[in-house]
S.K.: 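Take a look at this one; I'll ask things after.
All values below were derived from every heavy atom in this structure, side-chain atoms included, with hydrogens, water molecules and symmetry-related copies excluded.
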Amino acid sequence: MNARRTVDDAKPDASSHSTHDYLEALDAAGQLITDATPEALERALAAVARAAEAGSAALYRHTAGSFRARFVGAWRGRTKLPDQVESALANLDYRLYRDLHETLSSGLMLERKISELLPATQTMLAPLGLQHLVCVPLLDAGELIGFLALAYFEPPRRRAVGEPRFLATLANYLALSLVRQEAEDRMAVSAMRLSTLVGATEDMVFELDGEGIVVNVWSHHPALPSASLVGLPLDMAFPQDMAWALGQALPRALASDAREQVEFTLPRLDGVIYCIGRLQAVPSEDGRQRHAVALVRDVTELMREEARRRAMVETLDQLEEAVIELTEEGYLSRLSAAWSTLRMVPNASRNDIDHALVHFVDPEDRLPLQQAYADVLQGGEPASVRFRLLRGEAEPVWLEARLMPNWGPDGRSHGLRGVLRDVTAAHLSESHIRQLALYDSLTGLPNRVLLDDLLNQALQRARRSGGRVALGFIDLDHFKQINDAFGHQAGDQVLTTLAQQIRSVLRDQDVLARWGGDEFIVMLPDLPDLAALAQVAERLREIARQGVMLEGIETRPTISIGMAVYPDNADSAEGLLRLADSTMYHAKSVGRNNVQFYGDIVHLKSMGREHMAIQTRLNHAVLNNELQVFYQPIVNTRSGEVSAVEALARWHDDTVGWITPQLFIPMAEKLGLISELSEQITVQALTKLKGWRERGFKQPLSLNVSRNLLFSPRFVRNLIATVEEFKLRPADVIVEITESLALTDQARQSKHLKQLHEAGFRIAIDDFGTGYSSLSQLHEMAIDVLKVDLSFTARLNNESGRRIMQAIVQMSQALGLDVVVEGVETLEAARFLQGLGVDKMQGYHFSEPVPAGVCELHMQLGLDGKV
């Protein structure tokens, strides 16, 4: 059959695709259970691909519950993959390909056109040239452990009714072969490890049946006969003392499950060796009888070691560390001389014997010490514990005790041994380090680690009492502008001041923590009701607006807050943090300087998905040059004429309609599309300006320049060339940059602004008043126009706002700068500004941003009716 038939040729004809190929595929897959070599796997996948009429087939495997699938094998037909593509497909992260994981983990087969998959999945498969993909889940006890992928380079034919069942059966065979082969591999490794471990021991290990006949010998000893011992009775296989001791213990071992221990000596030319033997009953290999496994250990060296140990104790008496031995009940039974030094009591090493160690320990540390006793005695493993040792009238000293079992000759622990070391200096240093680890070094607030602990404690109390816990994510708005304008030291000053201000309006039991950067978290435990939460949140927002003086300039930072509540919105610490974080980003997206509650925006999750979808569509819109340019007039209020027009990007999305620039411009910057977007807007705007010039319109055009473009080394040269290409003059264009951008990296931007100015372009500072600058700083730059931010225009309804506007206008005029006031929305505001001597204004009172045709009418007829 031809695996590349078109959809038009494909018909559900049983005769065109018989079950013969599927039966062959099932047979090939079944053979993998006994032969799982790579060659057999490739043959099986080739048979599967032929049966399904696929261009290639691949098998992926992972452990149940894992999010990463590894490539096992494939049949690729004539497909040749580039090395980088093959490397990318070797391991798949399900978290990147959600459509694949969600379908397969439900036990369902995924069969889709490539164009129907999520963008991430399409991107992964794009280099392969596929048109259609089929993925069949591999299940083990209902759990997803991998999948079979069938790739189609042309649209497949319509499947017959029984084909999905054949594919599911093939997947079951493949899953069974994978699981069985892995189990056999593990068994082989375990057998090899056991053989290696037993063979590596210096002890003699052998097996006896009920009659005392040697059945197996796994490890030998030089003191025993070198001939084969298998099949011999005890009295013929071993020396007399050994055979007699084992023969006495064998019946007892076989009669119970207890371990029997024997002791004996073996003769050697250089003397005797001392041995300990242990016998333990085990089933025979056929399971019908009881045998005994004997382990015989040479303890000669241990006995010599005991003599050396006694000498070592005498040596330890000369050290600063105290060596102690304790009974199982914790009473001191042996002490080295250093104990007296630690206690600062003469003869304490003799007088304190038979006293409980805890008697000399600070009461607060006794329980941890007793718990360490129990852990060592029960687990048989060494343990360390710290405690304060009392020293009469002197200050206690911090000791670190390394405790271990004190094994007796019967193999049981009969108490403890320990080494005590003075760690007072280290303990105090570590306490200081722990303090640093739990608190933010800049603000002194709890950090993430301590917050996590406090939050979990608060949630536990709330679960017991049925109370509420609120969590707020706080982000300082436009903090980067402060760092860029004044430096990081000033930014740190703002953060510490903000922390003090917020802390001042919280209760004693509330927690304020620094999350990182310009983000804080406030936790409100034992919350009485949601009305109280709204009041606290508003107090937080208001207190943050108290002024901070930076280099003689008063700044009034704002914050965005996202609040979530336990148990109303989430039932865990992780969930509460996640929802508060998402809600805070929602607060920033709707304008900053506000408080948002997750309960009011439960659609946030769907909004996040829509946000991702908009990003994808924006990428498509920029690539296909689908963005438009609208124009907003700048009006000379003395004559009513349009003195200039500002070009503004607009985007109409086919799915949701018009999308605000406040959303898609930051999104384009984040996606790295801002340069392409700016270039498209510039070309469209200059094309329209050229047409206006040909029809006799003289108004200049204002273009907004992004950070990426302004700092580009070729920006000035490219802009001059573009203007010349449209047969325009630099004087026809006003270059607008934001105030914060003008103050960022002044060395580079000043050079570029000066080059633009010398070339004949006019330079305008946009959004003046939001960038923490002064007019004297702007006077040093090559600028012509100052555009006052609309936030100042909005304050003209009060006396202080009018005075600020008057001061800005007068100082700007004194510096020889043209002034354009943005955001003029009422006739009253326009007339007040006229009274201040402002001739040029921009805002919805005159005209909102409009298409080129409408703007052309304003340029032709003027807007004298608005003033």
Side-chain angles (χ1 to χ4, degrees), residues 631-639 641-648 678 681-682 685-686 689 697-707 709-710 715-716 719-720 723 728-744 746 749-750 752-771 773-793 804-824 830 833-834 836-843 846-847 849 855 859 863:
Y631 302 87
Q632 187 174 30
I634 299 173
V635 180
N636 186 323
T637 58
R638 298 297 177 187
S639 63
E641 297 178 350
V642 175
S643 62
V645 292
E646 181 177 0
L648 299 166
S678 299
I681 297 303
T682 299
L686 293 181
L689 180 62
F697 294 105
K698 304 298 184 182
Q699 290 87 347
L701 176 76
S702 283
L703 288 175
N704 291 282
V705 176
S706 71
R707 174 191 179 92
L709 284 179
L710 182 62
F715 168 67
V716 175
L719 182 59
I720 294 173
V723 170
L728 297 169
R729 298 172 298 114
D732 293 326
V733 177
I734 301 173
V735 176
E736 288 193 18
I737 62 172
T738 63
E739 180 186 0
S740 59
L741 181 57
L743 297 172
T744 302
Q746 293 190 32
Q749 60 82 11
S750 295
H752 287 185
L753 291 181
K754 183 178 180 182
Q755 291 174 345
L756 289 170
H757 201 268
E758 291 175 350
F761 294 95
R762 301 192 73 205
I763 309 299
I765 297 297
D766 195 13
D767 298 336
F768 174 74
T770 63
S773 68
S774 67
L775 288 169
S776 61
Q777 288 175 289
L778 296 176
H779 181 59
E780 297 171 358
M781 302 178 191
I783 61 174
D784 306 285
V785 183
L786 191 71
K787 300 189 74 174
V788 182
D789 185 68
L790 55 84
S791 62
F792 291 96
T793 314
I804 293 174
M805 180 63 77
Q806 182 179 10
I808 293 174
V809 171
Q810 290 177 349
M811 293 178 67
S812 302
Q813 292 171 343
L815 294 172
L817 300 175
D818 288 345
V819 178
V820 176
V821 178
E822 300 178 301
V824 180
L833 292 169
Q834 280 183 312
L836 296 181
V838 177
D839 295 337
K840 296 177 182 177
M841 305 179 199
Q842 184 178 6
F846 302 102
S847 173
C855 186
M859 295 163 63
L863 290 163

S.K.: If every non-hydrogen atom of Y631 is compared with every non-hydrogen atom of A685, which pair is closest and at what distance?
M.R.: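 Answer, listing the atom of Y631 first, then A685: OH-CA, 3.6 Å.
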
S.K.: For residues A647 and L701, report the shortest heavy-atom separation together with the two atoms involved.
M.R.: CB-CD1, 4.0 Å

S.K.: In Å and rounded to the nearest 0.5 Å, what is the CD1 to CG distance from I681 to L686?
M.R.: 11.0 Å

S.K.: Of all heavy-atom pairs between L790 and G823, which one has the smallest distance, and what is that distance?
M.R.: CB-CA, 3.7 Å

S.K.: With no hydrogens and no angle check, is any side-chain donor or acceptor of T637 less than 3.5 Å from a backbone partner on D839?
M.R.: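 At least one qualifying donor-acceptor pair exists.
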
S.K.: Might you point out which heavy atoms bring Q813 and L836 nearest each other, and give the distance in Å?
M.R.: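 Result for this residue pair: NE2-O, 4.0 Å.
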
S.K.: Could you state the interatomic distance from CD1 (I634) to NZ (K787), rounded to the nearest 0.5 Å?
M.R.: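 Rounded to the nearest 0.5 Å, the CD1-NZ separation comes out at 4.0 Å.
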
S.K.: Calculate, to the nearest 0.5 Å, the distance between atoms CG and CD1 belonging to L786 and I808 respectively.
M.R.: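 Between atom CG of L786 and atom CD1 of I808 there are 8.0 Å.
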
S.K.: Does E822 reach the side chain of D766, with side-chain heavy atoms less than 4.5 Å apart?
M.R.: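 The answer is yes, as the side chains (C-beta and beyond) meet within the 4.5 Å cut-off.
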
S.K.: Look up atom CD in Q699 and atom CG in N636, then write down how far apart they are to the nearest 0.5 Å.
M.R.: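 One gets 11.0 Å once the value is rounded to the nearest 0.5 Å.
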
S.K.: Would V838 and V788 satisfy side-chain contact (heavy atoms from CB on, under 4.5 Å), going step by step from the backbone distance to the final call?
M.R.: CA-CA 11 Å; V838 177; V788 182; over 6 Å; no

S.K.: So which atom in L863 and which in F846 form the shortest heavy-atom distance, rounded to 0.1 Å?
M.R.: CD2-O, 4.0 Å

S.K.: Check the pair N704 / E736 against side-chain contact (heavy atoms from CB on, under 4.5 Å), numbers first and verdict last.
M.R.: CA-CA 5 Å; N704 291 282; E736 288 193 18; 3.2 Å; yes

S.K.: Hey, what do you get for NZ (K698) to OG (S643), rounding to the nearest 0.5 Å?
M.R.: 16.0 Å

S.K.: With heavy-atom distances below 4.5 Å as the criterion, would you say the side chains of L756 and F715 are in contact?
M.R.: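 In contact.
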
S.K.: Walk me through it: do H757 and D784 pass the test side-chain contact (heavy atoms from CB on, under 4.5 Å)?
M.R.: CA-CA 9 Å; H757 201 268; D784 306 285; 2.9 Å; yes

S.K.: For R638 and Q834, indicate whether the former's side chain and the latter's backbone hold a donor-acceptor pair under 3.5 Å.
M.R.: yes

S.K.: Above 12 or not: heavy atoms from other molecules or residues under 6.0 Å from CD of E641?
M.R.: no

S.K.: In the structure I gave you, are the side-chain heavy atoms of V821 and M805 within less than 4.5 Å of one another anywhere?
M.R.: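 Contact flag for V821/M805 side chains = yes.
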
S.K.: V723 and F761: side-chain contact (heavy atoms from CB on, under 4.5 Å), yes or no, with the steps?
M.R.: CA-CA 10 Å; V723 170; F761 294 95; 3.9 Å; yes

S.K.: What closest approach, in Å, do V819 and S812 show between heavy atoms, and which atom pair accounts for it?
M.R.: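 Distance-wise, the nearest heavy atoms are CG2-CB, 3.4 Å.
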
S.K.: Per the side chain to side chain contact (heavy atoms under 4.5 Å, CB included) rule, which among V733, L689, I737, L648 passes with L703?
M.R.: V733

S.K.: Do M841 and T793 come within less than 4.5 Å of each other through their side chains, counting heavy atoms only?
M.R.: no

